[in-house]
Amino acid sequence: MLDISKFLIEAQGVNIQADGRMIINHVDMTVSEGEIVTLIGPNGAGKTTLIKAVLGLRSLSAGSVTIRPNIAIGYMPQRLSVDPNLPLTVRRFIGLAGKMAKGKRQSVLDEVGVLPIVDSSIHDISGGEMQRVLLARALLRDPDLLVLDEPAQAVDVNGQAELYQLISTIRAERGCGVLMVSHDLHLVMSATDKVLCLNNHLCCVGHPDAVSKDPNYVELFGPQVASSLALYHHHHDHEHAVDGHVVPSSEGHSHG
Amino acid sequence: MDEFILLALLAGVGVTIVAGPLGSFILWRRMSFFGDTLAHASLLGVALGLLLGATNLTVGVVIVCVGAAAFLVVLQNRTRLGNDALLGILSHGTLAVGLVAISFMDNVRLDLIGFLFGDILSVTMIDLAWIYATVGVTIVVLAKIWRPLLSITIHEDLARAEGIQVTRLNLLFMILIALVVAAAMKVVGILLIAALLIVPASAARHYAKTPEQMTGIAMLIGVFSVVGGLALSLSFDTPAGPSIVVIALVLFLISALMPGFSRLHQ
């Protein structure tokens with residue numbers, strides 16, 4: 001199962017310290033071609049820090065991050081607000097990603113659903129539209145790996161489901177790897193191959209089904225979140241007991 | 001037209017041509033106080049230039065400005081104080097150190113008032129040559145780094161992740177500001193350089209829909225301010241540098257307060 005030749009990213013024993021505090025404590029992580037890996041964890045768990053380390057935006061205190069050479073990475077930062085002093089249309093913002101064929105640009109904008117707003121000022125679009133614009137800019141780099149830091153923030157609940165569906169479709173069509181940060185496991189579950197539950201160290205790793213039942217996950221997010229997740233899960237999977245009894249699963253699940 | 005007026009006009013126009021785009025970037029990057037700090041630090045650069053016996057003071061000004069910027073980065077990493085506090089300290093601290101340093105140089109005849117408030121009517125051909133050398137270098141470099149600099153301005157991490165050499169470009173940007181500060185010293189003086197950078201660009205914001213429009217309009221407003229300021233100065237015998245800034249201020253107020261214009265501001 002561990003085919004090293006397919007790794008886009010391999011992080012080993014990553015430690016990151018800041019102001020004497022250990023933000024990331026001995027984290028191992030891999031992202032392979034065509035794989036969607038989701039980082040979840042509470043605020044301050046180090047999710048964004050880990051992503052920035054992978055992108056080379058932050059230095060490591062120990063460990064290593066290996067990125068396959070010559071791959072294109074599309075990055076969608078957590079928050080991007082353009083200074084109101086800067087007049088900028090959506091089209092211009094997206095064009096800053098680099099030069100590209102016009103036809104290709106059109107098709108990407110269409111795919112992400114931002115064609116109707118390309119001539120709007122970037123200061124006039126909604127939070128959800130901004131996230132799609134950022135996604136479009138990342139996609140226009142023709143990425144082998146997409147790194148998305150909370151792509152669904154500032155997006156309403158319906159929009160969130162749509163956005164994750166879109167990310168899933170993008171992966172299916174392009175075969176790129178995806179590393180993303182999310183708060184809500186129940187929304188990304190169907191679109192995720194592997195979940196890393198982070199709270200400065202890795203609490204648990206595995207398939208979303210397995211992680212949602214992991215005692216470390218339940219402890220981290222509290223029984224309410226965990227059980228609402230289980231309920232949601234049971235609507236879609238009738239193999240499990242209807243009384244919500246937690247069936248331990250060891251498949252694709254390890255504890256670090 | 002008298003030759004000194006023509007020289008003054010050409011000097012002012014040259015400086016505002018580069019102040020337009022650089023001032024716009026300073027606004028977009030929320031660096032107004034930074035521009036002010038470099039302008040104030042430039043007096044120390046003058047002292048350094050005189051100490052080195054340089055024929056032109058540009059070299060000393062650029063060295064001190066880049067040094068002040070580097071020192072700011074060191075302070076940012078060493079203290080929890082906010083950026084505005086650090087800039088306020090550096091801005092007035094360097095001005096004070098510059099004034100003290102200059103007071104030691106009693107063997108040099110120095111027109112301190114000229115440095116502080118500008119002396120555009122005494123611009124020489126040599127000054128003009130320096131100003132237009134600065135204009136040429138700035139325009140060539142800016143044209144080359146325009147797109148990546150805009151990317152950095154919008155989001156540094158995103159730019160870095162897309163492979164842009166952020167640190168190198170930021171340093172280059174700082175050197176350009178230092179060059180323009182050195183050039184503008186003679187025109188409006190150390191105390192008003194920041195105004196020349198910020199006021200025309202701010203007025204231009206109200207009419208612009210793209211970054212390039214904003215810089216173009218800022219240049220026009222700057223040129224108009226120089227012409228109007230010089231005319232004001234010659235007609236009413238007002239000080240030339242401040243008169244230029246007053247005209248720029250009036251144009252800004254018109255852009256901000258006239259109905260129908262401010263609507264464009266988003």
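Numbered from 1 within each chain, the chains take letters A, B, ... in sequence-line order.
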*In terms of side-chain geometry, is the basic nitrogen of A/R92 or B/E212 positioned less than 4.0 Å from the acidic oxygen of its partner?*
yes

*Does B/R29 make a cation-pi contact with B/F173 (under 6.0 Å, within 45 degrees of the axis)?*
yes

_Below 4.5 Å, heavy-atom pairs only: which of A/L55, A/L88, A/T89 has the largest tally toward chain B?_
A/L88

*Flag the one option from B/E156, B/R160, B/R30 with the top tally of heavy-atom pairs under 4.5 Å to chain A.*
B/R30

*Would you say the side chains of A/Y164 and A/S182 form a donor-acceptor pair under 3.5 Å?*
yes

*Against chain A, work out which of B/A161, B/A201, B/P211 has the most heavy-atom pairs shorter than 4.5 Å and name it.*
B/P211

_Distance to the ring centre below 6.0 angstrom and angle to the axis at most 45 degrees; does that hold for A/R137 and A/F93?_
yes

